[in-house]
Amino acid sequence: MMQWELNTEKPVYLQLVEQIQAKIIAGVYKPGDKLPSVRDLAAQAMVNPNTMQRAMTELERDGLVHTNRTAGRFITSDEELIRQLKEKYITEIVRDFLDKMKQLGLGRDDIISYLNKLTENSN
Amino acid sequence: MLGKLIKHEFNATARIFLPLYLIMLLLSLINRVMFSIDNLSKPLKTIRNFSIAMYVLSILAAIVVTFVIMILRFYRNLLSDEGYLMFTLPVKPSQHIISKLIVSMIWNIGTLAVVALSLLAMLGTRDNLESLKEILDGLLYGLRLGFGDKYGLVIAEYAILLLVGTVMQILMIYASIAIGHLFTEHRVIGSFAAYIGINTIVQMISTIIMLIWTNIELSMLNYSPYYSELNEWESSISILEAVPSKVFPFSIIFTIILSVVYYIVTNYIFKKKLNLN
Amino acid sequence: MSVILECNALSKRFGSTLALDNFSLRLERGKIVGLLGPNGSGKTTLIKIINGLLVPNAGGITIAGMAPGVETKRIVSYLPEKTYLPDWMKVSDTIRFFKDFYEDFDEKRAYDMLHRLNLDPSKRLKSLSKGTKEKVQLILVMSRRADLYCLDEPIGGVDPAARDYILNTIITNYDENATIIISTHLIADIENILDEAVFIKAGRLVLHAPVDEIHEKEGKSIDTLFREVFRC
């Protein structure tokens with residue numbers, strides 16, 4: 001079972017949306033997978049079922065999740081959509097990171113050298 | 001729902017009473033066997049004496065347990081932590097009182113019956129039964145002598161009085177416990193105080209009633225124009241006659257009134273003044 | 001959305017202290033509501049009045065339109081702070097007891113939950129730890145298909161694993177037409193499962209609002225807001 005990390009800084013349903021997106025991107029939920037029921041998901045994440053429902057509605061609006069009235073709720077099989085999500089998601093994170101670096105006065109070369117240094121170490 | 005309450009109350013108490021009854025009956029049977037053996041050896045004699053002692057003890061235990069369980073079940077099941085369970089069941093407070101009362105009465109009668117049964121089992125030889133019959137016949141004869149053909153009525157009224165008297169005693173204890181519950185602290189002491197208080201009041205009332213009544217009766221005799229030595233004899237007859245026609249019926253009615261008052265007080269406290277800790 | 005609980009200017013006095021003071025509240029069906037306040041603020045008094053264990057001195061209260069009584073007890077499921085099950089009973093006895101008295105009791109659900117907890121139903125309550133007894137009570141209370149659940153301090157004094165078990169049980173078992181009132185002073189632990197928060201202070205209603213609205217309006221968590229409202 002995946003861990004759910006919730007803080008009190010952002011609305012809970014948005015945090016849930018982000019974490020489910022992250023799980024789709026990371027492949028925890030694969031394209032076409034059936035999702036557990038809202039109640040079970042809510043119980044896993046220890047949130048109000050209505051909040052989880054709201055997160056699902058949000059995900060459905062983006063097309064990442066669709067509901068089949070009889071069979072339940074599924075992750076989209078549209079791999080292109082997931083690819084786009086992944087790109088958007090990663091772009092956002094990298095952009096945040098770049099913004100922070102810029103605030104610290106680091107240029108492109110500085111950042112790349114930091115990245116090289118850190119990734120070498122971790123390898 | 002009353003039926004279910006009675007069933008559960010019965011289950012909760014039977015686990016104590018039934019083993020106790022069983023022990024009592026077993027001991028009485030052992031004693032009977034012991035009694036039937038002539039020339040007991042010394043060690044067997046010791047065993048016999050021991051089992052007689054145990055039997056007497058078991059009777060005492062049954063009587064004490066019947067009384068204690070009656071109080072404990074009412075207090076613990078309704079007014080301690082278990083009260084949170086009982087008073088949130090979809091039943092009326094009155095049904096709690098009645099179910100407890102009925103089951104308590106069952107065990108009261110049950111204990112009496114089992115004691116009698118065990119005595120019969122232990123001592124019920126042909127000779128003993130004959131002498132028991134003689135004693136009872138003597139008793140009946142005495143009753144007939146005193147009350148004439150009303151002796152049957154006297155027995156029936158006495159039985160009813162015993163029954164309603166027991167009900168009244170139980171309800172009085174329930175009311176005392178409920179009144180004790182009105183205190184925020186020292187509820188047990190409060191219950192004792194309530195019991196003593198109720199007792200005092202009832203004693204006073206019944207004394208007053210007795211005084212008034214005997215006064216009326218006496219004044220009727222005193223002012224009778226034929227007052228004489230002969231009437232002395234008649235007056236004692238009329239007192240005996242008053243037993244089935246006045247004393248017992250009045251006592252029964254008075255006991256029933258008291259029971260109803262205790263019940264109403266207990267029910268009112270449960271309904272309006274409940275305050276579980 | 002119909003109203004499940006309506007309190008109208010409730011007051012309850014104990015001697016010289018006012019445990020509830022002109023307290024009014026309206027709860028709809030289908031909500032998980034946090035009844036939040038420090039110890040002695042009147043939470044338990046309110047819950048006892050809802051359950052007919054106390055009679056208010058003034059004001060009115062209805063549950064699904066009815067005054068507290070036999071009919072409301074049929075539809076209200078109550079978990080008090082006390083361990084209220086008789087010690088001599090077996091776990092299976094307690095299940096039979098609930099089944100006997102509550103028509104809405106789901107026996108199968110109760111046994112499923114006991115099974116998941118690895119608890120032998122033939123055990124006597126006497127032999128169980130206090131924590132396990134409390135779990136048995138929670139299972140009994142949540143196995144009812146009630147309209148209103150009143151859980152009084154269900155997570156007070158339990159370890160994080162037990163807390164997770166309790167919250168999980170609550171979320172999995174209530175249905176959409178039911179409302180759950182959870183009273184606690186440990187807000188951070190249950191904040192995420194609440195629809196609405198009710199703040200109670202010295203017997204008075206301080207605030208009643210949807211949790212989302214509080215987040216949006218105040219821009220802070222319920223826990224932070226609570227600490228501000230109840231600062232000594």
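If you're wondering where the values come from, they're calculated on a predicted model, not measured in any experiment. In what follows, every chain begins at residue 1, and chains take the letters A, B, ... in the order their sequences are listed.
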Within the supplied structure, the quantity of interest is the number of heavy atoms (other residues, nucleotides, ligands) at a distance under 6.0 Å from A:F97 CZ; does it exceed 12? yes
Residue set satisfying ring pair (Phe, Tyr, Trp, His ring centres under 6.0 Å) with C:Y102, at least two apart, ordered chain then number -> C:F98
Taking atom CG of A:L14 and atom NE2 of C:H215, what is their separation to the nearest 0.5 Å? 11.5 Å
Taking the side chain as everything from C-beta on, heavy atoms only, tell me whether C:N168 gets closer than 4.5 Å to A:M46. yes
Do A:R54 and C:D212 come within less than 4.5 Å of each other through their side chains, counting heavy atoms only? yes
What residue, out of C:I222, C:I170, C:L167, C:D195, has the most heavy-atom pairs lying under 4.5 Å from chain A? C:D195
Taking C-beta and beyond as the side chain, do C:T172 and A:D40 meet within less than 4.5 Å on heavy atoms? yes
Please answer whether the main-chain N or O of A:V47 pairs with a side-chain N or O of C:N192 as donor and acceptor at a distance below 3.5 Å. no
Would you find more than 12 non-hydrogen atoms of other residues, nucleotides or ligands less than 6.0 Å from A:E60 atom CD? yes
Are there over 12 heavy-atom neighbours, none belonging to C:H115, within less than 6.0 Å of that residue's NE2? no
Are any of the side-chain heavy atoms of A:P49 and C:I32 separated by less than 4.5 Å? yes
Between C:D164 and chain A, with a heavy-atom cut-off of 4.5 Å, which part of the residue counts as in contact: side chain, backbone, both or neither? both
Within 6.0 Å of CZ in C:R204, more than 12 heavy atoms from elsewhere: no
Considering residues, nucleotides and ligands other than A:Q84, do more than 12 of their heavy atoms fall under 6.0 Å from its CD? yes
Kindly compute the distance separating CD (C:E196) from CG (A:N48), expressed to the nearest 0.5 Å. 10.0 Å
Should we count CD of A:E18 as having more than 12 external heavy atoms under 6.0 Å? yes
Applying a strict 4.5 Å limit to non-hydrogen atoms, the region of C:N173 in contact with chain A is backbone
Once rounded to the nearest 0.5 Å, what's the spacing between atom CG of A:N50 and atom CD1 of C:I193? 11.5 Å
